[in-house]
Amino acid sequence: MKAFVAGATGETGRRIVQELIARNIPVRALVRDTETARAILPPGAELVVGDVLKPESLTAALGDSTVLLCATGAKPSFNPTGPYKVDFEGTKNLVDAAKTKGIGHFVFVSSLCTSQLFHPLNLFWLILVWKKQAEEYIQKSGLTYTIVRPGGLKNEDNTDAIVMQSADTLFDGSIPRQKVAQVCVESLSELAARNKIVEIVAKSEATSKSFGELFANVA
């Protein structure tokens, strides 16, 4: 297995890179600036320059990767096209490149509540709408996929147990980014994670379960 990570220098992406390297899985990290990325990412990651909005850069960047993890996301800004470009167009470009290269598994970090149009997050230029469009593009692509929909993201890790449920069943809660990264990386080796949408939060009162159990319990 060789993992390609898009959005590698973001808060969630860098944790995905850490989790992969901790499991001795070789990583190609897609970055726009190698100097900035080198300061953020562990030394074991191979840096490749490219941009999800430049599809011509992606095929070469993917190289000999066998799985792809996408943790890109539009940053809050006054540009109304941000979420459309990054969350939909960028993901679409990655899916198309992944199909060309025969990628074995596509893992996409989405968000809770993507099916709710009247959600406050959609005030940020319809970000959930575009994430939902990206999810549907992945599902129709023919690629093996896992779509991970986390609750509110926290930078600090904690000891709370992961709660995992089927699509459109969790509507609030939060989760540390480290746990999101763990779910993404574990999905690569869990057969029960394939072609599923999983919604995740972390709760102190929940019972701790293995990743195998968590994925198996999702329809």
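Hydrophobic clustering (ILVMFWY, side-chain heavy atoms < 4.5 Å, transitive): L117 and L121 are in distinct clusters. Placement of V27 and V48 in two distinct hydrophobic clusters is found when ILVMFWY residues are connected by side-chain heavy-atom separations under 4.5 Å, directly or transitively. Two different hydrophobic clusters hold V5 and I103 under the rule that ILVMFWY side chains link at heavy-atom gaps under 4.5 Å. V31 and L53 end up in different hydrophobic clusters when Ile, Leu, Val, Met, Phe, Trp and Tyr side chains are linked at under 4.5 Å. Grouping the Ile, Leu, Val, Met, Phe, Trp and Tyr side chains by contacts below 4.5 angstrom, directly or via other members, places V67 with F215.
Heavy atoms only, all atoms of each residue included: L68 and L62 are closest at CD1-CD2, 3.7 Å. Of all heavy-atom pairs spanning W130 and F88, the tightest one is CE3-CB, 3.8 Å. Annotation for T72 and G7: closest pair CG2-N, 3.6 Å, computed over non-hydrogen atoms. Here the closest heavy-atom approach between residue T9 and residue A37 is recorded as CG2-CB, 3.7 Å. Heavy-atom minimum distance, V183 versus F211: CG2-CE2, 3.9 Å. Contact record, I127 with P83: CA-CB, 3.8 Å, taken as the closest heavy-atom pair.
Atom NZ of K101 is surrounded by more than 12 heavy atoms from other residues, nucleotides or ligands within 6.0 Å. For CZ of R38, the number of neighbouring non-hydrogen atoms (other residues, nucleotides, ligands) closer than 6.0 Å is greater than 12.
In terms of modelled atom types and a separation under 3.5 Å, the side chain of E190 and the main chain of S187 share no donor-acceptor contact. Side-chain atoms of T114 do not come within 3.5 Å of backbone N or O of S110 as any donor-acceptor pair. Between the side chain of R28 and the backbone N or O of A61, at least one donor-acceptor pair lies under 3.5 Å.
Evaluation of the side-chain contact (heavy atoms from CB on, under 4.5 Å) rule for K54 yields D51, E56, S57 as partners, not counting sequence neighbours. Evaluation of the side-chain hydrogen bond (donor to acceptor under 3.5 Å, both in side chains) rule for T91 yields no partner, not counting sequence neighbours. For E89, the side-chain hydrogen bond (donor to acceptor under 3.5 Å, both in side chains) partners are Y84, not counting sequence neighbours. The side-chain contact (heavy atoms from CB on, under 4.5 Å) search around F171 returns C113, Q116, not counting sequence neighbours.
Exactly one of T146, T144, N195 qualifies for a side chain to side chain donor-acceptor pair (under 3.5 Å) with H105. That residue is T146.
Residues S204 and D160 bring no donor and acceptor atom of their side chains to less than 3.5 Å of each other. Between the side chains of S77 and N79, not a single donor N or O lies within less than 3.5 Å of an accepting N or O.
With rounding to the nearest 0.5 angstrom, the CD atom of E11 is 12.0 Å from the CD1 atom of I16. Between atom CZ of residue F108 and atom CD1 of residue I147 there is a gap of 7.0 Å, rounded to the nearest 0.5 Å. Atom-to-atom distance recorded for F4:CZ and E46:CD is 10.0 Å, nearest 0.5 angstrom. L170 contributes atom CG, which lies 6.0 Å from atom CG of L112 (distance to the nearest 0.5 angstrom). Of the inter-residue distances, the one linking K154 atom NZ with N158 atom CG reads 6.0 Å to the nearest 0.5 angstrom.
Residues I138 and L143 have side chains not in contact (no heavy-atom distance under 4.5 Å, counting atoms from C-beta outward). Side-chain contact between S166 and I197 is absent, with no heavy atoms from C-beta onward closer than 4.5 Å. Between C70 and F106 there is a side-chain heavy-atom pair separated by less than 4.5 Å. With a 4.5 Å cut-off on side-chain heavy atoms, I200 and V163 do not count as touching. Between D87 and L128 the shortest side-chain heavy-atom distance does not fall below 4.5 Å. Side-chain contact between K209 and N217 is present, with heavy atoms from C-beta onward closer than 4.5 Å.
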Fill in: Test log, rule side-chain hydrogen bond (donor to acceptor under 3.5 Å, both in side chains), inputs E19 and Q178
CA-CA 8 Å; E19 292 288 338; Q178 201 74 42; 2.9 Å; yes
Item to complete: Determine, stepwise, if the pair E186 / R23 fulfils salt bridge (Lys or Arg N to Asp or Glu O under 4.0 Å).
Response: CA-CA 10 Å; E186 291 294 336; R23 290 165 179 72; 2.9 Å; yes
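Within the structure, salt bridge (Lys or Arg N to Asp or Glu O under 4.0 Å) contacts touching residues 194-206 (residues at least two apart or in different chains) are R149-E199. Listed by first and then second residue, the salt bridge (Lys or Arg N to Asp or Glu O under 4.0 Å) pairs that reach into residues 62-72 are K2-D64, sequence neighbours excluded.
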